[in-house]
Amino acid sequence: TVRDVHNKLKMRHCPISGVMISDWTGMKPKSNRMWYNWVLERELYPNFSQLVDELENEGINVGLYINPCIDEIPPHLRTGRRYIFREAEENGFLVKKADMKCFYNVGDRHGRTGIVDMTNQDAVNWFKKTIISNELLGAGASFWMADTNVDAPLDAKYSSNPDGGRSVSVVNVFSQEFAKVNKDAIRDTGREGDSFSFVNSGSGETSKYSATSLTDHVTNLHGSSDGGMKAALNGIVNGGISGFALGHCAISMVVPTKVGSSGLSSRSREMICRWMEMMAFTTYFRT
């Protein structure tokens with residue numbers, strides 16, 4: 001699929017600087033969500049290294065996706081693969097529930113999911129080395145989206161707040177620390193000037209560490225009620241005023257199953273061209 005999209009764009013003389021592969025860890029069955037195990041799914045991408053080499057030989061960088069959540073994957077997927085969840089749970093690297101008896105589960109009916117505690121320095125060091133340096137950069141990534149995915153729970157216990165309670169200060173700084181972890185991993189691996197990440201939330205000093213993304217939006221001309229083009233423009237402008245100057249959002253990403261069935265989304269030529277025109281003045285032109 002990646003090669004097919006690349007070749008179609010190439011035939012149309014479309015300049016490409018990067019290809020983002022978000023499902024590199026495999027997809028959950030009967031779900032549109034990838035596994036948060038942060039290990040390359042070689043059954044889905046058996047010739048991934050060859051693909052990376054092919055793209056890089058044409059001057060195209062490969063981008064991936066991560067977030068601080070980690071899934072408990074089923075036994076049949078653990079064979080021959082690094083089991084990231086067990087490492088995190090056994091070492092106490094996951095955000096804990098208020099009673100401290102177990103980690104804070106943000107999973108769904110498909111299984112348990114923990115959040116790496118970005119206020120725990122041991123957990124941060126493990127995340128930098130194990131997931132970013134060894135797995136993500138090791139797979140050949142030059143850039144990636146560092147998605148916070150979920151808000152840090154207010155009713156959880158963090159390493160920096162062992163007394164628990166509604167630690168708003170921890171929640172506000174959590175995404176900022178996640179951006180810093182990604183920046184530090186690039187520095188520690190000697191990839192400064194060669195690799196980068198971008199985040200979709202932050203506070204305070206986040207702009208020191210990363211560019212930002214307003215992620216996905218419904219493609220229409222509406223305002224904040226459903227996150228259309230006006231909402232994206234407002235978000236980018238307001239972000240710039242607040243110090244997040246390096247902002248962007250994806251072009252024409254979210255479309256209902258039946259296009260136009262709800263009247264919310266448009267794939268018209270005019271709509272997509274208007275979105276492209278807007279994003280031409282931002283940090284990344286990401287379709």
Side-chain angles (χ1 to χ4, degrees), residues 1-6 18-57 60-95 102-118 120 122-150 178 181-182 185-186 188-191 195 197:
T1 301
V2 175
R3 287 190 176 97
D4 182 54
V5 172
H6 166 237
V19 172
M20 192 167 177
I21 304 173
S22 296
D23 63 352
W24 66 290
T25 61
M27 300 296 290
K28 283 191 170 188
K30 299 179 181 179
S31 170
N32 63 350
R33 183 163 84 72
M34 61 187 289
W35 285 109
Y36 300 156
N37 189 47
W38 314 128
V39 176
L40 177 65
E41 176 56 86
R42 297 194 180 278
E43 289 76 19
L44 186 64
Y45 289 101
N47 302 307
F48 192 80
S49 297
Q50 181 182 342
L51 174 64
V52 172
D53 290 342
E54 288 176 11
L55 293 170
E56 287 188 343
N57 286 337
I60 299 173
N61 295 295
V62 171
L64 302 179
Y65 168 96
I66 61 166
N67 66 56
C69 298
I70 303 181
D71 285 334
E72 179 184 37
I73 60 175
H76 72 275
L77 290 178
R78 302 173 195 172
T79 305
R81 302 181 71 193
R82 188 168 188 172
Y83 188 20
I84 302 293
F85 179 86
R86 182 171 59 191
E87 293 181 34
E89 185 180 32
E90 290 180 350
N91 286 286
F93 293 157
L94 301 177
V95 172
C102 62
F103 71 91
Y104 199 103
N105 179 27
V106 294
D108 53 23
R109 67 181 185 276
H110 297 288
R112 300 191 301 164
T113 304
I115 310 170
V116 178
D117 189 347
M118 291 297 151
N120 180 333
D122 290 335
V124 165
N125 292 338
W126 171 82
F127 192 91
K128 285 194 298 184
K129 182 177 180 181
T130 300
I131 295 178
I132 300 180
S133 298
N134 293 353
E135 300 298 339
L136 194 135
L137 286 168
S142 296
F143 69 97
W144 58 91
M145 179 177 182
D147 183 5
T148 48
N149 190 267
V150 296
F178 187 51
V181 167
N182 286 269
I186 292 172
D188 295 348
T189 316
R191 295 287 296 271
S195 303
S197 64

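- Atom CG in Leu137 sits 7.5 Å away from atom CD1 in Ile132 (nearest 0.5 Å).
- Taking all atoms of both residues into account, the shortest heavy-atom contact from Ser133 to Ala185 is OG-O, 4.2 Å.
- The heavy-atom pair separating Met118 from Pro68 by the smallest distance is CE-CB, 3.9 Å.
- In terms of the side-chain hydrogen bond (donor to acceptor under 3.5 Å, both in side chains) criterion, Arg42 has no residue partners (sequence neighbours excluded).
- Every salt bridge (charged side-chain N to carboxylate O under 4.0 Å, His left out) that Arg191 has, sequence neighbours left out, goes to Asp194.
- Residues satisfying the ring pair (Phe, Tyr, Trp, His ring centres under 6.0 Å) criterion with Tyr83, sequence neighbours excluded, are absent altogether.
- Ser195 approaches Ala141 most closely through the heavy-atom pair OG-O, 4.4 Å.
- Every ring pair (Phe, Tyr, Trp, His ring centres under 6.0 Å) that Phe143 has, sequence neighbours left out, goes to Phe196.
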One pair to check against side chain to side chain contact (heavy atoms under 4.5 Å, CB included): Ile66 and Asn182. What are the steps and the verdict? CA-CA 10 Å; Ile66 61 166; Asn182 286 269; 3.4 Å; yes
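- In this structure, the separation between CD1 on Ile60 and CG on Leu51 is 10.0 Å, given to the nearest 0.5 Å.
- Nearest heavy atoms, Thr25 versus Met34: OG1-CE, 3.0 Å.
- Judged by distance alone, with hydrogens and angles left aside, the side-chain atoms of Asn91 form no donor-acceptor pair with the main-chain N or O of Phe93 at under 3.5 Å.
- Remark: Arg78 engages no residue in a salt bridge (charged side-chain N to carboxylate O under 4.0 Å, His left out) (not counting sequence neighbours).
- Side-chain contact between His6 and Glu54 is absent, with no heavy-atom pair separated by less than 4.5 Å.
- For the atom pair Leu64 CG and Asp23 CG, the distance stands at 10.0 Å (nearest 0.5 Å).
- In plain terms, the two heavy atoms of Ala139 and Val52 that are nearest each other are O-CG2, 3.8 Å.
- Panel note: side chain Asn37, backbone Val39; no donor-acceptor pair is recorded below 3.5 Å.
- Residues satisfying the side-chain hydrogen bond (donor to acceptor under 3.5 Å, both in side chains) criterion with Asn47, sequence neighbours excluded, are absent altogether.
- Partners of Glu90 according to the side chain to side chain contact (heavy atoms under 4.5 Å, CB included) rule, which considers only residues two or more places apart in sequence or in another chain, are Arg86.
- Considering every non-hydrogen atom in both Pro29 and Trp35, the closest pair reads CD-CZ2, 4.0 Å.
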Under 3.5 Å, sequence neighbours excluded: what are the donor-acceptor pairs made by side chains of residues 124-131?
residue, atom, partner, partner atom, Å
Asn125, OD1, Gln121, NE2, 3.0
Asn125, ND2, Gln121, O, 3.3
Trp126, NE1, Glu87, OE1, 3.2
Trp126, NE1, Thr130, OG1, 3.3
Lys128, NZ, Asp188, OD2, 3.2
Thr130, OG1, Trp126, O, 3.1

Quick one, Trp144 with Trp24, criterion side chain to side chain contact (heavy atoms under 4.5 Å, CB included). Give me CA distance, side-chain angles, the key distance, then yes/no. CA-CA 12 Å; Trp144 58 91; Trp24 66 290; over 6 Å; no
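- Scored by the side chain to side chain contact (heavy atoms under 4.5 Å, CB included) test, Ser49 finds no partners at all (sequence neighbours excluded).
- Here Leu94 contributes atom CG and Glu89 contributes atom CD; the two are 6.5 Å apart, rounded to the nearest 0.5 Å.
- The closest side-chain heavy-atom distance from Tyr65 to Asp147 is below 4.5 Å.
- Looking at residues two or more places apart in sequence or on another chain, you find a side-chain hydrogen bond (donor to acceptor under 3.5 Å, both in side chains) between Thr113 and Asp71.
- Scanning for salt bridge (charged side-chain N to carboxylate O under 4.0 Å, His left out) contacts around Glu56 gives an empty result, with sequence neighbours left out.
- For the ring pair (Phe, Tyr, Trp, His ring centres under 6.0 Å) test, residues two or more places apart in sequence or in another chain that qualify with Trp38 are Tyr36.
- Separating the CD1 atom in Ile115 from the CG atom in Asn149 is a distance of 8.5 Å, to the nearest 0.5 Å.
- With rounding to the nearest 0.5 angstrom, the CZ atom of Arg112 is 7.0 Å from the CG atom of Asn105.
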